[in-house]
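Both counts, for ligands and for their atoms, begin at 1 and track the order of listing.
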Amino acid sequence: MKAVFTDLHKGHDPKRFILRGKFAQGEERPERAERLAAGLNAGNHELVPSEVFGQGPRLGVHSVDYLRFMEEAAAEWKTLADASDEVLGNVHPVRRGGTMPQSITGRAGWYMQDMACGIGPDSWLAASSATDVAVTAAELVIEGERAAYALCRPPGHHAYRDAAGGHCFLNNTAIAAQYLRSVHDRVAILDIDIHHGNGTQDIFYDRGDVLTVSVHADPSRFYPFFWGYAHERGTGAGEGANLNLPIPVGSGDDAYVAAVEASAKTIAAFTPGMLVIALGLDASADDPFGGAKVTAAGFRRAGEAIARMGLPTLFVQEGGYLSDQLGPNLTAVLGGFEAAA
Ligand SMILES: [Zn+2]
């Protein structure tokens with residue numbers, strides 16, 4: 001299938017985040033994209049450059065003030081005395097409402113929900129280019145491709161309408177789904193990253209026109225901890241249009257594939273015009289986050305199950321971190337899809 005890519009992701013190279021109380025090197029590294037591109041080449045997928053769609057599709061999901069913060073934060077941060085080269089919020093207005101301050105330190109805390117989303121000088125360029133990658137791939141499917149793949153980096157599914165978090169800044173999957181609403185009355189999202197797609201869920205939680213389904217490790221002991229439970233079913237017009245399928249941490253191929261297969265009934269009943277797959281590969285047994293011990297054979301079966309849903313399908317890259325299996329797992333899931341499509 002056609003796979004959309006840009007080199008502009010390279011400018012985003014976060015150096016540090018907090019893990020178990022220690023500064024750790026960022027896991028969301030530029031090399032991820034090189035490994036994923038190698039996986040695309042191994043599967044003989046055709047690489048296509050992204051086109052520029054600009055701010056319009058982003059405004060379909062994110063607030064104006066948040067996009068302005070994302071664009072300006074790195075430069076304003078550098079005006080602080082003795083600041084690092086990365087914006088990293090460390091004071092957050094949890095639980096008490098509060099008022100938006102003028103200070104960049106305060107605004108960083110306002111718009112960043114954790115310390116795994118440092119913003120460097122070229123992070124905006126990379127994140128905004130990733131939304132163009134997603135929309136370019138969405139256009140390919142609108143134009144008649146059975147499926148297309150978007151190599152988005154940084155990923156997006158933990159990003160809210162007005163908050164970054166978990167290596168994510170702009171919600172590429174949500175932006176693509178909202179863009180697809182211009183041609184389809186209903187769009188379904190199936191998130192198979194090992195972390196719950198909390199940002200995507202929140203963006204569409206009160207809407208009945210976009211179904212959000214997420215297969216992920218049980219959040220009671222896994223990021224994002226506070227969301228991703230089975231009782232979260234949507235609200236208002238979105239009641240019943242959110243489905244969480246948590247699986248035990250480390251449960252392996254069969255449980256993971258069974259959850260993907262179990263989502264098919266809900267997706268079919270929703271009768272969407274298109275399916276967007278939030279394609280995280282961090283369920284891999286070799287992933288440094290080690291969520292579900294899934295093998296390449298398991299990813300291939302997941303791809304086959306997605307193809308059997310019989311819908312025009314857009315794959316948007318989410319997580320999946322450095323290991324020798326990162327590229328081969330991408331080859332496996334897309335190969336499984338094409339074999340069963
Ligand atoms: Zn993840």
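- Nearest to the Zn ion (ligand 1), among the N, O or S atoms that H195 has, is ND1.
- For D324 and R35, the salt-bridge test passes: some basic side-chain N is under 4.0 Å from an acidic carboxylate O.
- The atom name of the N/O/S atom in D193 closest to the Zn ion (ligand 1) is OD1.
- Residues passing the side-chain hydrogen bond (donor to acceptor under 3.5 Å, both in side chains) test with S214 are H216, sequence neighbours excluded.
- Considering T200, L211, I277 in turn, T200 is the only one that fulfils the side chain to side chain contact (heavy atoms under 4.5 Å, CB included) rule with I189.
- The Zn ion (ligand 1) has an N, O or S atom of D282 closer than 2.8 Å.
- The Zn ion (ligand 1) does not have H157 among its coordinating residues (no N/O/S atom, backbone or side chain, under 2.8 Å).
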Could you pull out all donor-acceptor pairs under 3.5 Å where a side-chain atom in residues 306-317 meets a protein atom, sequence neighbours excluded?
residue, atom, partner, partner atom, Å
R308, NH2, E261, OE2, 3.4
T313, OG1, L311, O, 2.6
Q317, OE1, Y149, OH, 2.7
Q317, NE2, L279, O, 3.0
Q317, NE2, G319, O, 3.0

